[in-house]
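Contents: one structure, followed by commentary.
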Amino acid sequence: MAGDVGSIPELDQQKYDSDQQVKIICLGDSAVGKSKLIERFLLDEYRPQQLSTYALTLYKHVADVGNKTVAVDFWDTAGQERFQSMHPSYYHKAHACIMVFDVQRKITYKNLANWYKELREYRPEIPCCVVANKIDADLKVTQRSFNFGKKQGLPFYFVSAADGTNVVKMFRDMIKRAVDYKQNPSDFMDEVLQELESFQLEKMEENAEAEDEEQKSDQILSLQ
Ligand SMILES: Nc1nc2c(ncn2[C@@H]2O[C@H](COP(=O)(O)OP(=O)(O)OP(=O)(O)O)[C@@H](O)[C@H]2O)c(=O)[nH]1
Ligand SMILES: [Mg+2]
């Protein structure tokens with residue numbers, strides 16, 4: 001289990017309150033290909049920050065979404081899945097979740113239900129998708145239907161980290177959804193945080209304006 005990640009500067013979760021930062025988490029059993037998928041997406045530019053003490057890798061990416069530049073942090077675990085449960089700070093302030101299973105191992109598909117349940121305990125509303133990885137190993141698998149997530153309306157992707165099929169599309173879709181969610185959170189707590197944030201910004205602007213006015217009147221006074 002991870003410790004209190006709040007004390008590590010790279011993991012300062014406050015930064016996810018700023019408009020230009022999103023956090024995307026990956027869930028799924030061990031060896032389904034979570035790390036390989038992120039590495040495939042980031043291919044040339046990836047700079048993993050290995051925080052081995054906390055069994056966590058943070059991948060940083062800069063994406064253009066609409067006319068905005070957004071810093072994306074992909075959170076990837078190493079090994080915690082064995083415990084079938086993540087530390088709450090893994091979910092904290094996440095804006096989207098990518099849930100992965102291995103098409104060659106049925107148990108990893110079955111376990112999606114547990115991952116999804118845990119995700120929703122911490123993040124009831126964030127966008128989430130289901131990803132069937134390793135389709136390169138058996139292309140026929142794409143004719144099968146995997147219904148988990150249909151009821152909840154979760155988008156589904158057949159992908160391969162090995163040959164790159166659908167990887168960029170899936171990540172781009174999820175980055176966009178994370179940004180959209182951040183702008184229009186449907187989770188009550190997120191809405192409150194968003195409100196507080198804009199209230200604080202307004203206050204700061206007001207204070208700056210008041211200071212300006214004060215300075216101006218000081219200048220006027222000194223001219224008199
Ligand atoms: N054939 C094939 N193998 C893959 C694919 N993606 C990952 N693998 C293999 O699956 C194994 C596990 O991949 P990882 O990315 O390390 O899996 P993980 O989900 O990060 O596993 P943990 O870090 O233990 O949770 C590796 O040996 C990969 O080479 C794929 O798309 N096709
Ligand atoms: Mg991994």
Side-chain angles (χ1 to χ4, degrees), residues 1-3 5 8 10-11 23-61 72-92 94 96-119 122-123 126-146 148-149 154-175 178:
M1 284 280 202
V5 299
I8 313 169
E10 292 90 333
L11 290 176
K23 167 178 172 179
I24 299 181
I25 57 175
C26 294
L27 287 181
D29 286 5
S30 189
V32 292
K34 300 179 296 296
S35 305
K36 292 286 172 218
L37 280 168
I38 302 175
E39 285 168 16
R40 160 64 72 169
F41 175 60
L42 302 179
L43 216 55
D44 306 320
E45 55 165 295
Y46 87 94
R47 307 264 186 281
Q49 273 177 284
Q50 191 80 48
L51 296 159
S52 51
T53 329
Y54 293 88
L56 185 75
T57 309
L58 213 66
Y59 295 86
K60 295 190 168 282
H61 172 63
V72 184
D73 280 357
F74 291 108
W75 286 50
D76 181 30
T77 52
Q80 282 184 69
E81 307 90 333
R82 279 182 282 119
F83 302 106
Q84 298 289 312
S85 165
M86 305 299 239
H87 190 274
S89 50
Y90 191 71
Y91 296 100
H92 188 56
C97 172
I98 296 169
M99 254 182 355
V100 187
F101 74 98
D102 174 347
V103 289
Q104 298 204 293
R105 284 185 298 142
K106 205 171 172 182
I107 183 71
T108 66
Y109 177 67
K110 277 191 159 177
N111 282 338
L112 288 179
N114 304 331
W115 289 116
Y116 191 66
K117 184 167 171 281
E118 183 168 287
L119 168 73
Y122 293 103
R123 302 297 280 147
I126 62 170
C128 176
C129 71
V130 178
V131 171
N133 189 33
K134 308 197 189 181
I135 58 163
D136 59 283
D138 174 16
L139 278 175
K140 281 195 302 255
V141 81
T142 56
Q143 275 137 39
R144 280 184 33 208
S145 57
F146 293 93
F148 179 81
L154 305 183
F156 183 93
Y157 299 86
F158 280 114
V159 305
S160 163
D163 68 17
T165 306
N166 251 340
V167 172
V168 171
K169 173 163 179 34
M170 181 273 287
F171 276 101
R172 289 220 175 118
D173 285 358
M174 291 311 287
I175 291 170

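In listed order, ligands and their atoms are each counted from 1.
- Two residues are said to be in side-chain contact when any heavy atoms from C-beta on lie closer than 4.5 Å; Asp136 and Thr165 fail this criterion.
- If you number the atoms of ligand 1 from 1 as listed, the ones under 4.0 Å from a heavy atom of Ala161 come out as 6 (N), 30 (C), 31 (O).
- Nearest-heavy-atom check against atom 28 (C) of ligand 1 across Glu39, Lys134, Lys36 picks out Lys36.
- Within ligand 1, the atoms closer than 4.0 Å to a non-hydrogen atom of Ser30 are 21 (O), 22 (P), 24 (O), 25 (O), numbered from 1 in the order shown.
- Numbered from 1 in the order shown, with element, the atoms of ligand 1 that lie under 4.0 Å from a heavy atom of Asp136 read 1 (N), 2 (C), 30 (C), 31 (O), 32 (N).
- The six-membered or imidazole ring of Phe171 lies near that of Phe74, with a centre-to-centre distance under 6.0 Å.
- With a 4.0 Å heavy-atom cut-off, ligand 1 is reached by the backbone of Val32 and by its side chain too.
- At least one N or O atom of Ser35 sits closer than 3.5 Å to an N or O atom of ligand 1.
- Close contacts of ligand 1 with Ala31, meaning ligand atoms under 4.0 Å from a residue heavy atom, involve 10 (O), 12 (C), 17 (O), 18 (P), 19 (O), 21 (O), 22 (P), 24 (O), 25 (O).
- Closest approach of Lys34 and Thr77 over heavy atoms only: CE-OG1, 4.4 Å.
- In this structure, the side chain of Lys23 engages the main chain of Tyr90 through a donor-acceptor pair within 3.5 Å.
- No side-chain N or O of Asp102 forms a donor-acceptor pair with one of Thr108 less than 3.5 Å apart.
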Starting from the C-alpha separation in whole Å, work towards a yes-or-no answer on side-chain contact (heavy atoms from CB on, under 4.5 Å) for Phe101 and Lys110.
CA-CA 9 Å; Phe101 74 98; Lys110 277 191 159 177; over 6 Å; no

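- Ligand 1 does not have Gly28 within reach: every non-hydrogen atom of the residue lies 4.0 Å or more from it.
- Contacts between Val100 and ligand 1 below 4.0 angstrom, taking non-hydrogen atoms only, are absent altogether.
- With 2.8 Å as the limit, Ser30 does not count as an N, O or S neighbour of the Mg ion (ligand 2).
- The ring of Phe41 has its center closer than 6.0 angstrom to the ring center of His61.
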